[in-house]
Amino acid sequence: NTLAAIVEMLRSRVSVSLLSDELYLHDYRQTGKNFRRFPENAVKYTDGEKEQIASLLQTGKEGKKGKPEGRLGEIYEDLLRMLGYDVETLNKNLKIDRVGNTDYVKVSFTSENPQLSAYVVNTLSQLFTERYNAATNAQTKNSLAYYSQLAQQKKNELSGKLESLRQYKLNNNVVDYGEQTKTTLEQIQELELKREEINQKIPSYQKAIDNYNHYLNQNDHTLTQLQEYNRQVGELKERLNTLTQQYVSGGSSNKDLKNQIESLRIELEVQIKNSAVGQQSVQNSANKKDIETDKIAAENELEKAKASLISIDKELNRLRGNATNLVSGEADIANLERDIDSHSTEYAEILNRLNTTEFAVQSLTNPLEIVETGMVPEKAEPSKTAMITALAGISGLLLATAFVFLLAYADNSYTTPDRFTKFTGLPVLETLNEVNHNNPVSALLFARSKEKNRRFFLEAMRKLRFAVETSGA
């Protein structure tokens, strides 16, 4: 998590090396207030080299490149080790831990100088919080610049898509594809109905012309033919009445019935004329001039119907082509509109992120702050030397006692009568102590001596003799 990362960053070589720089500058610049002095072996480096190192470190603090390198870098590292300010030494005495489950981090440092310990804790904390806060705020500002650039890019892309749609509609004379498509389909439907009506009229005109030709080719009509005409007229009227009633009862909306009625009316007119012609032919051989006039009129109607049919077919082909183009264009516009919707959504999301980032920049605060600075302790921590020495003595005594018991347990020599009886299974009559004497044993037995060791020996010999005598051996 974030706190664990912060702890590791505090312990890192980068953070501690910056602390080393500050400690070196403090001890070198503030004579009399320095925490530690250079040891005697530091005289191998000149004051000029030490001053040059300090100048470079000061330049680095001011934001410029100023870290000792090359030979100066080696000298600087050696001086830090002499002072105990190198990274490894500082890390040994530096303790950085999270306080329980809280959002606090505790920094402590152990040294021989309380002022040094407080300076190390405060300086490390200050350096790290400044670097961390600056990096975090810089990241937020970089995010603002990134989202600003990205928002402008998405805006330009969206404007380009909108312009493409406008140009497409302008080039294809499109106002509303949906309305245009609907109007075109309605026109096609109307023309198809007219075409159907004309196709139904053409056979009637053709039949009328054939009848006129037939009548003109005949010089006379018989009474039988006249009766036939009258019969057909009656049938046509009856059929016409029937269809008319069906058409009216159906609400006058059946177009097929309407077309059939119209066709029957034309045929009825023709039959009525034929009947009239037949009647005249019977009476006075008819007037051929009127028939020829009617024939010409029927032929004209037939030609007009055929011409209308051709015109309607051309218009239908044109409208169907337009409908196909409209469908294709509608698909292109749908694709463009989908792209516009997609870019609009992306642009809205980027604007939202941009606004959030702008608010974050306007309300920038330091995410890390020092809650409590390191204080110089009033007294040093108690020494643990006496306690460690006592523990070492007790541990040594316990080990020595254990060693003695181990030796005694491993010893198999016959040091007591009981051990001799235990290991050999033989009884012991008496024990004799060792005495140093150059004379024979008999002389020792009858000699008088005031030495305790000899007297004990003599007493033991008497007890042994008595034990042997009484044993009956």
Side-chain angles (χ1 to χ4, degrees), residues 176-217 221 225-281 286-287 290-327:
D176 187 346
Y177 257 114
E179 189 64 29
Q180 286 182 328
T181 302
K182 180 180 178 181
T183 302
T184 302
L185 293 176
E186 290 177 351
Q187 291 175 347
I188 290 174
Q189 186 176 9
E190 291 177 0
L191 288 175
E192 286 179 343
L193 291 175
K194 289 182 179 180
R195 186 174 182 277
E196 184 64 24
E197 291 177 1
I198 293 173
N199 281 330
Q200 291 179 356
K201 290 180 179 180
I202 287 177
S204 300
Y205 291 139
Q206 188 63 52
K207 187 175 182 180
I209 293 171
D210 293 339
N211 288 334
Y212 287 138
N213 289 331
H214 178 70
Y215 297 150
L216 290 174
N217 291 332
H221 292 278
Q225 290 175 329
L226 180 59
Q227 292 175 348
E228 179 64 24
Y229 291 149
N230 291 335
R231 187 186 65 78
Q232 290 180 2
V233 168
E235 290 179 355
L236 288 173
K237 285 182 178 181
E238 184 177 356
R239 288 175 58 193
L240 183 60
N241 289 332
T242 302
L243 291 176
T244 301
Q245 291 177 359
Q246 292 178 359
Y247 180 72
V248 173
S249 63
S252 303
S253 60
N254 194 323
K255 295 181 178 180
D256 291 338
L257 288 176
K258 182 180 178 182
N259 294 333
Q260 292 180 20
I261 291 171
E262 185 67 24
S263 178
L264 285 175
R265 284 178 179 173
I266 295 173
E267 187 175 354
L268 179 60
E269 290 176 0
V270 173
Q271 292 298 336
I272 291 173
K273 289 181 180 180
N274 290 339
S275 178
V277 170
Q279 185 70 28
Q280 291 178 0
S281 297
N287 190 348
D290 292 337
I291 295 175
E292 289 177 352
T293 301
D294 292 338
K295 175 187 174 185
I296 292 172
E299 289 176 346
N300 288 336
E301 290 295 330
L302 179 62
E303 292 299 324
K304 286 170 61 177
K306 290 181 178 180
S308 297
L309 191 62
I310 294 173
S311 177
I312 289 174
D313 287 338
K314 289 182 179 179
E315 184 65 14
L316 282 173
N317 290 333
R318 186 186 70 81
L319 290 175
R320 286 168 180 162
N322 288 344
T324 302
N325 293 333
L326 286 173
V327 172

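The structure displayed is predicted, hence computed values, not measured ones. Positions are given from 1 along the sequence.
Here the CD1 atom belonging to Ile312 is positioned 7.0 Å from the NZ atom belonging to Lys194, to the nearest 0.5 angstrom. Considering CD of Glu269 and OG of Ser204, their distance stands at 10.5 Å, rounded to 0.5 Å. Taking CD of Glu301 as the reference point, atom CD1 of Ile209 lies at 9.5 Å (rounded to 0.5 Å). Rounded to the nearest 0.5 angstrom, Gln260 CD and Gln200 CD are separated by 7.0 Å. Atom CD1 of Ile198 and atom CG of Leu302 lie 11.5 Å apart (nearest 0.5 Å). Glu303 contributes atom CD, which lies 9.5 Å from atom CD1 of Ile202 (distance to the nearest 0.5 angstrom).
For Glu235 and Arg231, the salt-bridge test passes: some basic side-chain N is under 4.0 Å from an acidic carboxylate O. Between Glu315 and Arg318 there is a salt bridge, since a side-chain N of the basic residue sits under 4.0 Å from a carboxylate O of the acidic one.
No side-chain heavy atom of Glu197 sits less than 4.5 Å from a side-chain heavy atom of Glu262.
Checking side-chain atoms of Ser308 against main-chain N and O of Lys304 turns up a donor-acceptor pair under 3.5 Å. Side chain of Ser249 to main chain of Gln245: a donor-acceptor pair is present (N/O by atom type, distance under 3.5 Å, no hydrogens or angles).
For the pair Lys207 and Glu267, the tightest heavy-atom approach, listed with the atom from each and the gap, is NZ-OE2, 3.4 Å. The nearest pair of heavy atoms linking Val233 to Leu268 is O-CD1, 3.7 Å.
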